[in-house]
A.B. asks: 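Below is a structure I'd like to ask you about.
Every chain is numbered from 1, with letters handed out A, B, ... down the list of sequences.
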Amino acid sequence: MLKLFNTLTGRQEAFESIEPRKVRMYVCGVTVYDYCHIGHARSALVFDVLRRYLEYSGYTVTFVKNFTDVDDKIIKRANEQGVACDAVTAKFIQAYHEDMGKLGIQAATAEPKATEHIGDIIQLTERLIKKGLAYVVDGDVYFEVSKYPEYGRLSKRRLDDLQAGARVDVDQRKHHPMDFALWKSSKPGEPAWESPWGLGRPGWHIECSAMSIRHLGETFDIHGGGMDLIFPHHENEIAQSCGATGKEFARYWVHNGFVQINKEKMSKSLGNFFTIREIFEKSEWPEDITGEILRYFLLSTHYHGPLDFSDQALTEAKNALNGFYDLFHRLSEAGGLGEGDDGSLRTAVERARKSFIQTMDDNLKTSAAIAALQGLRSDVNKLLGVGLSTESRQAARQAFRSLGVVLGLFQLGRWDFNVCVVPKPAQLVLNTFPPAVTIARQIRETEIDGKVAQRIEAKKRRDFKRADEIRAELKSLGITLEDKPDGTTRWKR
RNA sequence: GGCGCCGUACCCAAGUGGUAAGGGAGCAGUCUGCAAAACUGCGAUGCAGCGGUUCGAACCCGCUCGGCGCCUCCA
């Protein structure tokens, strides 16, 4: 039974879906005016994993993630670059899909854009005005916070407290400093739509209410986003939606913690952010490996806490992952026969699976779930030392694959994590290159394999000096060699 | 000022009242021409600090300290 920390109640609660075996969830995506950084990646990944785990647990998940494609920052960016707003948003929506795709983040069931829901937004705004929860001033529409008595229940704030901390430059036309715009009249040159209040565009918060209600209904199961969205964004969504419908909006509110650099929140204003594509560009590893490293890193901490990003952290993730892929490679190789203990394997797999489920059920403790997989890795390595049947080796690999898919890990093929075997000299005529690798990688791997073959020859002549030179040369290029007992050599990055 | 998150070994990180998992790094050993991998062993008498509750606390309560965040756009 899955338990989730619900920001609304401040407690961890057993998750029960409204409809049996079905989950409807909404996650706030990004405002598309720039490339995404790792903070965005973390949020996207956390909810990607939540979705995967719900599906693993047998739910059918309707997962909606929006794009905010009308906003001050977009307008500013478009003006700076002298292009239309929709050129900016189209570019960064595509970039979003590219970047998140590299991280193995699955597309949502629906990915609506604010501009596609102007009608819904206007309708919802009218509904709020009719109910007396919103008022019109000079073509702007504001939500009147004091008319929603429960305002502050998500962020645990009281209007009085907020008022005390409110800044000086409050718009005097507002009834209360915390009143927020549902509809903004537009200046010339800005994107604008016809509305009962004149030409204008939606405020930020209203779009999520309109889109979630449209795609998921007035009450749905899970609403997620980064912790910085709790106030005011999600607070305002609740006020609008519940105000308009008179029903509960989302039942479980899930928020992820920040990615930090040197203990500080990663943010544009501090300039301490790394974009996802920047990391891929700078990575010394190929794209699919870098993606898995990032995923492993981002999941190595519980989603609710802060996570410090650093080169060292990435290296540690890579090292930890190496151990898994080394094992997968061993599992794929022939040999290792002997007095196999296939029953012990089944026991180990079952133990790992139980532990994995138990920790994931406990508010998605991915760090502990990974620990369960590490335990299985250790168990399988030991069993392999004794010997396992071909069937058991396949079953072991399959166990890692099937649990790993929940985290989006361990799906790469036996060759793809840069573990390759150069055959014995007699077999050198055989081409063993994997078909999936890129041309660039093939060329580099060809060179490596040439060196390795030279070294095997040197070893045959018992010219260990030459053999060690080649090893050192490759080591300086980040290539590690492993001589296997059967005379073949395995290399990896 | 209000609200919230976090604080466990060199690093990451479990544990949520019964006497500190796991991984990475490091060191030592087995193996190896040498390495690598794997395996074995070592590694916090202590869980930010101080009090309290308890037979017993990293876990519960109180206070304090430290880091971060939100209250303005922010994943």
A.B. asks: Over 60° means perpendicular and under 30° means parallel, so tell me whether F400(A) and F410(A) are parallel, tilted or perpendicular.
C.D. replies: perpendicular
A.B. asks: Under 3.5 Å, is there any donor-acceptor pair linking the side chain of D468(A) to the base of rG33(B)?
C.D. replies: yes
A.B. asks: Going by modelled atom types, is there a donor-acceptor pair between the base of rC70(B) and the side chain of R157(A) at under 3.5 Å?
C.D. replies: yes
A.B. asks: Report yes if a side-chain nitrogen or oxygen of T301(A) is closer than 4.0 Å to either non-bridging phosphate oxygen (OP1 or OP2) of rC12(B); otherwise report no.
C.D. replies: no
A.B. asks: Looking at rG24(B), rA14(B), rG69(B), which one has an atom nearest to any side-chain atom of E316(A)?
C.D. replies: rG24(B)
A.B. asks: On a plain distance test, is the side chain of R455(A) in donor-acceptor contact with the base of rG33(B) below 3.5 Å?
C.D. replies: yes
A.B. asks: Could you check which nucleotide pairs with rG4(B) in any of the strands shown, counting Watson-Crick or G-U wobble with both distances under 3.5 Å?
C.D. replies: rC68(B)
A.B. asks: So does R42(A) reach the base of rA75(B) with its side chain, donor to acceptor, closer than 3.5 Å?
C.D. replies: no
A.B. asks: Does one side chain, of K73(A) or T31(A), offer a donor that lies under 3.5 Å from an acceptor on the other?
C.D. replies: no
A.B. asks: For rG43(B), what is the paired nucleotide under Watson-Crick or G-U wobble rules, both distances under 3.5 Å?
C.D. replies: none
A.B. asks: Ring pair (Phe, Tyr, Trp, His ring centres under 6.0 Å) with Y252(A): which of F15(A), F220(A), F5(A), Y26(A)?
C.D. replies: F15(A)
A.B. asks: Hey, does K365(A) reach any base, or is it just sugar-phosphate, or nothing, if we go heavy atoms under 4.0 Å?
C.D. replies: base
A.B. asks: D483(A) near the nucleic acid: base, sugar-phosphate alone, or nothing, with a heavy-atom cut-off under 4.0 Å?
C.D. replies: base
A.B. asks: Is it true that E235(A) and S155(A) share a donor-acceptor pair across their side chains at a distance under 3.5 Å?
C.D. replies: yes
A.B. asks: I need the CE-C1' distance between M227(A) and rC70(B), as an integer number of Å.
C.D. replies: 11 Å
A.B. asks: Go through the N and O atoms of the side chain of D228(A) and the base of rC73(B), and report whether any donor-acceptor pair is under 3.5 Å.
C.D. replies: no
